[in-house]
Amino acid sequence: MSYNLLKGKRGIIFGALNEQSIAWKVAVKAVEEGAAITLSNTPMAIRMGQVDALAEQLGCEVIPADATSVEDLENVFRRSVEVLGGKVDFVLHSIGMSPNVRKKRTYDDLDYGMLDKTLDISAISFHKMIQTAKKLDAIAEYGSIVALTYMAAQRTMFGYNDMADAKALLESIARSFGYIYGREHNVRVNTISQSPTMTTAGSGVKGMDKLFDFANRMSPLGNASADECADYCIVMFSDLTRKVTMQNLYHDGGFSSMGMSLRAMATYQKGLEEYMDENGNIIYG
């Protein structure tokens with residue numbers, strides 16, 4: 001059901017890869033709610049994923065870009081303003097990747113070159129995105145910028161690794177830029193802290209299936225799905241949230257406020273064998 005919450009608005013969605021992606025679902029919902037959008041992802045992601053199919057479905061343009069490249073970002077914003085016929089009203093940053101996680105390097109044995117890439121791709125790209133948009137004056141007054149995050153930025157979560165550091169930096173950037181952009185152009189900047197979600201990126205996190213199950217048992221409302229997260233993003237893009245900025249907004253079924261639930265306690269297991277090395281030592285990273 002559409003409420004026309006974004007009727008007449010223009011937006012850019014960064015990070016859609018396939019139908020599992022939250023960004024994919026946000027793009028679909030945004031168009032359903034009346035917005036005109038452009039899509040952006042890396043050239044490799046566009047080749048390997050299904051972004052072109054989404055663009056055809058929604059009747060929008062795909063603008064390839066490496067979000068760590070200011071030059072590429074400048075092209076995305078300039079081209080989007082041209083294609084959409086004016087300044088954009090909303091931007092979604094749904095970008096995250098850790099080479100250390102992919103290579104199964106534990107947090108106490110990080111490769112620092114890979115850590116630099118994690119931070120650049122998953123967090124500093126957000127700063128580059130906002131700074132570029134601001135310098136180009138590409139976002140309209142009372143526009144909305146949203147990035148997706150996870151509560152590992154505040155609490156230690158087994159297996160989340162250096163992505164936790166990246167998310168903490170991402171949230172700090174939202175607050176710092178939210179103040180400046182809000183004062184100067186009434187543009188709001190927020191992060192949404194989503195439940196564990198079985199996306200292509202999320203599935204690479206060690207123990208993700210168990211974390212997903214635990215969070216679902218802990219949360220009074222259960223885990224928030226990707227579709228539900230898309231709904232929340234739409235509300236944050238709309239005029240209904242004009243005075244919400246610099247916030248980290250939990251969208252996790254109540255998980256972030258829980259200590260221990262009956263369902264989680266009843267299914268708690270003490271076995272740690274699968275997390276031990278050949279000498280019987282527990283691998284905590």
Side-chain angles (χ1 to χ4, degrees), residues 15 22-23 92-98 100-101 105-108 110 114-127 129-130 144-179 182 188-199 201-226 228-230 232-233 235-236 241 244-261 263-265 268 284-285:
I22 293 175
L92 176 71
H93 178 285
S94 181
I95 300 168
M97 193 277 285
S98 166
N100 277 301
V101 170
R105 299 290 294 259
T106 58
Y107 190 75
D108 56 351
L110 292 180
M114 292 182 185
L115 174 61
D116 288 343
K117 290 182 179 178
T118 298
L119 297 177
D120 196 19
I121 294 169
S122 307
I124 298 172
S125 63
F126 190 44
H127 191 287
M129 192 177 292
I130 302 172
S144 176
I145 302 171
V146 171
L148 299 182
T149 186
Y150 182 53
M151 70 171 297
Q154 287 82 35
R155 302 183 189 180
T156 301
M157 295 289 184
F158 170 76
Y160 208 69
N161 212 311
D162 59 347
M163 278 299 296
D165 300 334
K167 293 301 187 184
L169 176 55
L170 181 85
E171 292 173 18
S172 178
I173 290 168
R175 289 188 294 271
S176 298
F177 243 127
Y179 167 67
R188 56 202 192 271
V189 186
N190 295 285
T191 54
I192 292 177
S193 187
Q194 167 69 1
S195 295
T197 310
M198 289 300 186
T199 62
S203 61
V205 175
K206 188 176 182 179
M208 182 63 174
D209 56 337
K210 297 177 180 65
L211 176 60
F212 183 91
D213 180 68
F214 176 72
N216 198 48
R217 293 176 188 276
M218 282 283 289
S219 308
L221 300 180
N223 287 335
S225 69
E228 290 166 333
C229 185
Y232 199 13
C233 289
V235 173
M236 293 308 300
T241 53
V244 181
T245 195
M246 301 168 64
Q247 301 300 306
N248 180 46
L249 303 161
Y250 289 103
H251 186 250
D252 59 7
F255 178 83
S256 51
S257 293
M258 287 296 298
M260 176 58 75
S261 75
R263 289 185 179 185
M265 188 180 296
Y268 180 73
Y284 289 100

Spacing of Leu169 atom CG and Ile124 atom CD1 [to the nearest 0.5 Å]: 6.0 Å

By side chain to side chain contact (heavy atoms under 4.5 Å, CB included), Ser176 pairs with (sequence neighbours left out) Ser172

Distance, nearest 0.5 Å, that separates OG of Ser98 from CG of Asp165: 9.5 Å

Does Asn100 use its side chain to pair, donor to acceptor, with the backbone of Tyr107 at less than 3.5 Å? no

Donor-acceptor contact present, side-chain Thr241 to main-chain Val244, <3.5 Å: no

Do the side chain of Ser195 and the main chain of Ala224 share a donor and acceptor less than 3.5 angstrom apart? yes

Can you tell me how far the CG atom of Leu221 sits from the CG atom of Asn216, to the nearest 0.5 Å? 10.5 Å

Shortest non-hydrogen contact between Met246 and Tyr179, atoms and distance: SD-N, 3.6 Å

Can you tell me if Ser144 uses its side chain to pair, donor with acceptor, with the backbone of Met236 under 3.5 Å? yes

Among Ile192, Thr197, Leu92, exactly one meets side-chain contact (heavy atoms from CB on, under 4.5 Å) together with Ile22. Which residue is that? Thr197

Between Phe212 and Asn223 the two heavy atoms that sit nearest each other are O-ND2, 2.9 Å

Work out which heavy atom in Ser219 is nearest to a heavy atom in Asp252; give both atom names and the distance. OG-O, 3.2 Å

Output the distance between atom CE (Met97) and atom NZ (Lys117), rounded to the nearest 0.5 Å. 7.5 Å

Go through the structure and list residues passing ring-ring contact (aromatic ring centres under 6.0 Å, His included) with Tyr232, not counting sequence neighbours. His251

Provide the closest heavy-atom pair for Val146 versus Cys233 in the form atom of the first, atom of the second, distance. CG1-SG, 4.5 Å

Rounded to the nearest 0.5 angstrom, the CE-CD1 distance for Met129 and Ile173 is 10.5 Å

Applying side chain to side chain contact (heavy atoms under 4.5 Å, CB included), name anything that partners Ser193, two or more places apart in sequence or on another chain. Thr149, Met151, Asn248, Tyr250

How long is the span from the CG atom in Asp162 to the OG1 atom in Thr118, to the nearest 0.5 Å? 3.5 Å

Any donor-acceptor N/O pair, Glu171 side chain to Ala166 backbone, under 3.5 Å: no

Sequence neighbours excluded, which residues qualify as side chain to side chain contact (heavy atoms under 4.5 Å, CB included) partners of Ala147? His93, Phe126, Leu170, Thr191

Applying ring-ring contact (aromatic ring centres under 6.0 Å, His included), name anything that partners Phe214, two or more places apart in sequence or on another chain. none

Taking every non-hydrogen atom, the tightest pair across Ser122 and Met163: OG-SD, 3.4 Å

Listed by chain and number, what are the ring-ring contact (aromatic ring centres under 6.0 Å, His included) partners of Tyr150, not counting sequence neighbours? Tyr160

Can you name the nearest heavy-atom pair linking Thr245 to Val189, along with the distance? OG1-N, 2.9 Å

